[in-house]
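Because the structure is a prediction, the values reported are computed rather than measured. Below, each value reflects all heavy atoms present in this structure, side chains not excepted, and no hydrogens, waters or symmetry copies.
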Amino acid sequence: MTRADAPMTAAPTAPPERVVARVRRHARVLVLPVLVLLVVAAGAGYAVGFVDESWQLLAVGAGALLVVVLGCLLPYLAWLTSRTTITTRRIIMRHGVFVRVRNEVAHARVREVTVRKSPGQSMFNSGDVFVDIGQEKPVVLRDLPKPQLVQSALHELMEAAHRGPYGHPHGAPAPLDGDTVAWGGR
């Protein structure tokens, strides 16, 4: 059988994209909104005992509701709607309560991943992960729990992306020589 008569084999396709991790900012950012809620509830309950007029009760209630919405509900919604998803091919960052913003960075574009922790972040095992993509400002994943784990996962994924889908540099499959058997045989 000559090379022209040989059946054509399909080129191997890259493996499908899988989700590796979904992370949010550390939950300790919600401590201040919870404290605001407790102070507003105590303050409004205390103020209700001193006012006599119905319009004053309404004003205290409206003020407390405004502070709760701005100081508790919006920060909680911002935390809840901000998420970073790390897949086998890219990093997807989503945030925004009323206007949704989505940024994506392919692992092949990433040059370096570093972690920085403040003393407060070190106490709670969280930190900022800086993803350098060769622009002026790196992409910053702020206040993630277990940042070293995220960093090591990104290093592995970057290495795989720079190797390519076939395990070779730059993603090209190895050329077939006369002794190579591709996909099970001749």
Side-chain angles (χ1 to χ4, degrees), residues 13-45 60-165 171:
T13 59
E17 184 174 23
R18 292 179 296 116
V19 173
V20 175
R22 286 188 178 102
V23 291
R24 286 193 169 95
R25 290 184 69 179
H26 197 278
R28 71 179 164 77
V29 299
L30 298 176
V31 169
L32 185 60
V34 168
L35 291 176
V36 167
L37 180 64
L38 292 174
V39 168
V40 168
V60 168
L65 182 65
L66 181 67
V67 172
V68 166
V69 166
L70 294 178
C72 301
L73 186 62
L74 285 180
Y76 175 70
L77 287 176
W79 176 80
L80 195 61
T81 59
S82 298
R83 180 174 63 192
T84 301
T85 305
I86 301 170
T87 70
T88 53
R89 294 185 187 159
R90 58 195 167 150
I91 304 168
I92 305 165
M93 296 148 294
R94 297 180 184 134
H95 65 277
V97 176
F98 300 112
V99 177
R100 300 288 294 159
V101 178
R102 176 182 165 133
N103 297 328
E104 295 184 14
V105 175
H107 293 309
R109 291 184 55 204
V110 176
R111 294 182 178 182
E112 183 180 5
V113 179
T114 56
V115 172
R116 185 172 64 190
K117 292 181 169 188
S118 69
Q121 288 174 329
S122 293
M123 286 178 19
F124 293 100
N125 193 20
S126 66
D128 298 335
V129 177
F130 290 83
V131 180
D132 182 17
I133 56 174
Q135 296 178 347
E136 278 185 28
K137 295 168 62 174
V139 174
V140 181
L141 307 175
R142 299 228 179 261
D143 206 18
L144 296 181
K146 300 180 183 177
Q148 287 85 5
L149 187 61
V150 173
Q151 180 187 30
S152 65
L154 285 174
H155 278 296
E156 288 179 21
L157 293 167
M158 280 174 28
E159 185 178 312
H162 289 290
R163 266 196 325 260

E156: side chain to side chain contact (heavy atoms under 4.5 Å, CB included) partners, not counting sequence neighbours: none
More than 12 heavy atoms from other groups under 6.0 Å of CZ on R100: yes
Interatomic distance, H26 atom NE2 to D143 atom CG [nearest 0.5 angstrom]: 7.0 Å
Side-chain donor or acceptor of Q151 paired with backbone N/O of V129 under 3.5 Å: no
Considering all heavy atoms, the nearest E104-I92 contact: CG-CG1, 4.0 Å
Distance, nearest 0.5 Å, that separates CZ of R25 from CG of D128: 8.0 Å
Test item: V68 and L73 side chains (from C-beta on) under 4.5 Å apart, heavy atoms: no
Spatial distance of atom CZ (R24) from atom CH2 (W79) [nearest 0.5 Å]: 5.5 Å
Minimum side-chain heavy-atom gap R116-T114 below 4.5 Å: no
Atom pair NE2/CD of H107 and E159 - distance to nearest 0.5 Å: 12.5 Å
K146, NZ atom: more than 12 neighbouring heavy atoms under 6.0 Å: no
Non-hydrogen side-chain atoms of T85 and R94 separated by less than 4.5 Å: yes
Note, L154 side chain near V110 side chain (heavy atom, < 4.5 Å): no
Test item: V139 and N103 side chains (from C-beta on) under 4.5 Å apart, heavy atoms: no
Backbone of G96 reached by a side-chain donor or acceptor of T81 within 3.5 Å: yes
Side-chain heavy atoms of M93 within contact of V101, under 4.5 Å: no
Minimum heavy-atom distance between V60 and A44, given as atom pair plus value: CG1-O, 4.1 Å
Minimum side-chain heavy-atom gap R28-Q121 below 4.5 Å: yes
Minimum heavy-atom distance between P147 and G127, given as atom pair plus value: CG-N, 3.6 Å
Least distance between heavy atoms, E17 atom then T88 atom: CA-OG1, 3.4 Å
Taking every non-hydrogen atom, the tightest pair across L157 and T87: CD1-O, 3.5 Å
From Q148 atom CD to N125 atom CG, the distance as rounded to the nearest 0.5 Å: 6.0 Å
Y76 atom OH, neighbour heavy-atom count above 12 within 6.0 Å: no
Minimum-distance pair of heavy atoms, taken over all atoms of S122 and K117: OG-CB, 3.5 Å
Distance (rounded to the nearest 0.5 Å) between L35 CG and L30 CG: 11.0 Å
